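For reference, the structure discussed in these notes is given below.
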Amino acid sequence: MKNKIISDSPGYPVDTSFLTDFSQKDKPWDDHKSESVRVADLYNQNKFTKYSDRVSDCSNRLAFAITKANEAGECKLKLTGTQFCRVRHCPVCQWRRSLKWRGRFLEALPKIRLAYPSHRFIFATLTQRNCPISELRSNLIHLGESFVRLTRNKAWSVTGWVRSTEITRNSSTGEAHPHYHCLLMVPPVYFGRDYLSTAKWAEKWQKSLKVDYLPIVHFKAIKAHLEANLIEQVCHVLKYSVKPADLMADPNWLGELTTQVANTRAVATGGIFKKYLAEEKDDDNLINIKEDSEEEEIDQEEAELFFKFHHQHKKYTRV
């Protein structure tokens with residue numbers, strides 16, 4: 001490890017060092033913890049005091065080990081310990097769950113490609129009209145049933161799929177907009193006789209929804225040679241289920257959202273993806289997350305680094 005980095009930021013002791021001094025890659029910790037402080041305050045305002053206390057206590061202290069330096073002399077930090085609250089709408093835990101799902105999929109991707117070398121991927125978005133936040137649960141149930149109907153359509157030629165639910169808030173009306181982001185794997189024949197245009201998909205989704213309007217859908221094929229584009233779409237599908245900005249917009253909306261989505265699933269898999277993305281026994285483990293393609297080797301000669309969140313300045317500082 002290089003010499004200790006000294007901060008000259010106003011308002012801090014001269015010997016204070018920050019998590020971002022050691023690793024800019026870990027700046028999201030500052031951002032998401034700051035958001036969780038705000039969410040905890042909103043939970044307190046709408047009488048969800050149990051959630052408020054849990055989110056407030058989430059990841060206040062972080063422990064990192066130092067991985068061995070690469071050829072360029074750069075070290076990385078690997079999280080080894082903290083206390084997560086595991087509240088569904090805690091911004092920190094929501095972020096860590098999305099990283100975990102992405103890591104699981106990217107780790108399984110080489111095996112999937114080996115077993116299905118000629119298959120291609122499609123990024124899809126399936127929507128419906130907005131609904132009052134008080135009717136969100138019934139709309140989520142309806143969405144799920146509609147998706148099942150879509151998969152049973154004879155035109156459905158998808159070999160494997162992963163689907164995430166995103167809920168956004170209309171800033172003018174406060175209505176909820178539940179919709180699906182999907183990554184679909186299809187056989188080569190899909191781009192021949194089985195091909196469906198976006199307009200055709202919209203018609204089939206309308207039929208599955210059993211509505212009298214044409215819903216907005218988006219289907220985009222991912223070019224076979226653009227691996228980076230595929231990874232980008234994986235990250236998009238498996239992102240947070242509710243934007244932090246929407247979580248922090250209104251305490252009453254957050255409280256109703258929490259009630260409406262209780263015991264509903266944010267991510268689902270189907271087809272052959274069920275085999276490759278089987279749920280883990282330690283699914284609640286948000287510490288050991290494989291974010292990179294290669295395992296990092298811990299430098300046993302270095303002591304752990306510890307950081308505590310500084311509420312006034314919204315940063316993790318070394319302790």
Side-chain angles (χ1 to χ4, degrees), residues 25-26 28 32 67 70 76-80 84 86 88 92-126 143-144 147-148 150-152 156-166 179-191 194 218-241 264-298:
K25 174 179 173 289
D26 287 298
H32 293 303
T67 64
N70 58 23
K76 292 183 180 180
L77 301 184
K78 183 177 179 63
L79 184 71
T80 57
F84 289 111
R86 295 181 175 80
R88 178 164 181 167
V92 172
C93 294
Q94 184 176 244
W95 165 57
R96 296 297 292 182
R97 288 191 196 96
S98 70
L99 289 179
K100 183 158 188 145
W101 267 105
R102 293 177 196 177
R104 284 167 62 181
F105 189 91
L106 294 177
E107 186 175 18
L109 184 57
K111 300 174 186 177
I112 295 173
R113 283 200 178 284
L114 184 63
Y116 301 89
S118 59
H119 281 53
R120 297 268 301 278
F121 292 90
I122 297 173
F123 172 68
T125 302
L126 302 168
L143 267 180
F147 188 82
V148 171
L150 182 66
T151 63
R152 291 173 178 171
W156 180 264
S157 58
V158 177
T159 307
W161 54 267
V162 57
R163 184 199 77 202
S164 69
T165 304
E166 183 178 12
H179 55 282
Y180 288 148
H181 292 297
C182 312
L183 190 69
L184 314 176
M185 189 175 79
V186 295
V189 70
Y190 172 82
F191 294 96
D194 291 346
H218 176 70
F219 281 77
K220 180 181 179 181
I222 300 172
K223 294 183 178 179
H225 64 286
L226 293 180
E227 188 75 8
N229 188 236
L230 172 58
I231 293 174
E232 179 184 352
Q233 297 304 335
V234 169
C235 292
H236 187 67
V237 169
L238 298 173
K239 62 181 180 179
Y240 41 72
S241 57
T264 63
R265 296 190 67 178
V267 180
T269 61
I272 62 96
F273 283 4
K274 275 190 171 293
K275 169 186 174 182
Y276 292 96
L277 297 172
E279 293 188 15
E280 301 175 350
K281 293 181 180 179
D282 63 341
D283 213 41
D284 284 337
N285 186 339
L286 302 180
I287 292 178
N288 299 320
I289 294 176
K290 185 177 180 181
E291 298 180 47
D292 298 324
S293 58
E294 297 181 0
E295 291 288 350
E296 297 155 332
E297 188 175 354
I298 303 299

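One-based numbering along the sequence shown. Everything quoted here is computed from the prediction, not taken from an experiment.
Contact record, R104 with L277: NH2-O, 3.2 Å, taken as the closest heavy-atom pair. Here the shortest heavy-atom pairing between Q233 and I222 reads CG-CD1, 3.7 Å. Of all the heavy atoms in V158 and M185, the pair that sits closest is CG1-O, 3.5 Å. Looking at every heavy atom in both residues, R265 comes nearest to R88 through C-NH2, 4.1 Å. When all heavy atoms of I287 and L79 are compared, the closest pair comes out as CG2-O, 3.7 Å. Between T165 and S241, the shortest heavy-atom distance links the atoms O-CB, 3.4 Å.
Distance check: L109 CG to L114 CG gives 11.0 Å after rounding to the nearest 0.5 Å. We find the SG-CZ distance between C182 and F121 to be 14.0 Å, quoted to the nearest 0.5 Å. The CZ atom of R97 lies 14.0 Å from the CG atom of L238; values are rounded to the nearest 0.5 Å. We find the CD1-NZ distance between I112 and K275 to be 10.0 Å, quoted to the nearest 0.5 Å. Taken from CZ in R86 to CZ in R96, the straight-line distance is 11.0 Å, to the nearest 0.5 Å.
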Test log, rule side chain to side chain contact (heavy atoms under 4.5 Å, CB included), inputs L286 and L99: CA-CA 9 Å; L286 302 180; L99 289 179; over 6 Å; no
Derivation and outcome, side chain to side chain contact (heavy atoms under 4.5 Å, CB included), residues T269 and W101: CA-CA 11 Å; T269 61; W101 267 105; 4.1 Å; yes
Stepwise side chain to side chain contact (heavy atoms under 4.5 Å, CB included) check, L150 with L126: CA-CA 11 Å; L150 182 66; L126 302 168; 4.0 Å; yes
From CA spacing to verdict: side chain to side chain contact (heavy atoms under 4.5 Å, CB included), C93, F84: CA-CA 7 Å; C93 294; F84 289 111; 4.0 Å; yes
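Between the side chain of S164 and the backbone N or O of V237, at least one donor-acceptor pair lies under 3.5 Å. Not a single donor-acceptor pair under 3.5 Å links the side chain of R163 to the backbone N or O of A268. Counting only distance, with no hydrogens or angles, the side chain of Y116 and the backbone of K111 share no donor-acceptor pair below 3.5 Å.
With respect to L184, the side chain to side chain contact (heavy atoms under 4.5 Å, CB included) criterion is satisfied by exactly one of W156, Y190, F273: W156.
Between H181 and F123, the angle of the ring planes stays under 30°, which puts this pair in the parallel group of the 30/60° scheme.
Two rings, from F147 and W161, have their centers less than 6.0 Å apart.
Under the 3.5 Å distance criterion, with hydrogens and angles disregarded, a donor-acceptor pair is assigned to the side chains of H119 and T159.
Side-chain contact between K220 and I122: absent, with no pair of heavy atoms (C-beta onward) separated by less than 4.5 Å. Using a 4.5 Å heavy-atom cutoff, the side chains of F191 and V186 are in contact. In this structure the side chain of K239 reaches within 4.5 angstrom of the side chain of E166, judged on heavy atoms.
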